[in-house]
Amino acid sequence: MEFVFQCGWCDADNYFTGRQVGFWVDKWEVPAEWDCHFCDGLNETPDPPWEEA
């Protein structure tokens, strides 16, 4: 599943594909920290629920 996160520095939308965790549970894993694809600013992933792309 793909999720969208907004950069805290330049407000650009960044898209990440989450990896499913668990067998019967609808849980997803995304990077805890990531660099913006546009401005290279370091961001932290917010707590779920996340916005699907």
Side-chain angles (χ1 to χ4, degrees):
M1 182 174 295
E2 193 170 67
F3 299 98
V4 62
F5 299 107
Q6 192 171 32
C7 176
W9 301 99
C10 70
D11 292 330
D13 289 338
N14 290 260
Y15 296 88
F16 293 94
T17 302
R19 184 177 68 88
Q20 190 170 11
V21 179
F23 186 70
W24 294 105
V25 186
D26 189 27
K27 290 187 179 181
W28 301 90
E29 183 179 85
V30 294
E33 292 183 336
W34 46 273
D35 292 322
C36 177
H37 298 182
F38 300 95
C39 74
D40 288 327
L42 182 63
N43 291 274
E44 291 184 8
T45 302
D47 293 332
W50 301 316
E51 182 180 337
E52 293 181 32

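Note that this is a predicted model, so its numbers are computed, not measured.
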- [ ] Give me the one residue out of Val30, Thr17, Thr45, Asn14 that meets side-chain contact (heavy atoms from CB on, under 4.5 Å) with Phe3.
- [x]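 When Val30, Thr17, Thr45, Asn14 are each tested with Phe3, the side-chain contact (heavy atoms from CB on, under 4.5 Å) holds only for Val30.
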
Open item on the list: Let me confirm one number: the CD-NZ distance from Gln20 to Lys27, rounded to the nearest 0.5 Å.
Closed with: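 Here the rounded value is 11.5 Å.
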
- [ ] Determine whether Trp34 and Met1 fall in the same hydrophobic cluster, where Ile, Leu, Val, Met, Phe, Trp and Tyr are linked whenever their side-chain heavy atoms lie under 4.5 Å apart.
- [x]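 Same cluster.
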
Task: More than 12 heavy atoms of other groups within 6.0 Å of Gln6 CD - done: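 Yes, enclosed.
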
Locate the shortest heavy-atom distance separating [X] from [Y]; write the atom from each residue and the value.
X     : Y     : value
Val21 : Glu29 : CG2-CB, 3.5 Å
Cys10 : Cys7  : N-SG, 3.4 Å
Gly41 : Trp9  : CA-CD1, 3.6 Å

Task: Side chains of Trp28 and Asp26, donor plus acceptor under 3.5 Å - done: yes

- [ ] Would you check if the distance from the ring center of His37 to the ring center of Phe16 is below 6.0 Å?
- [x] yes

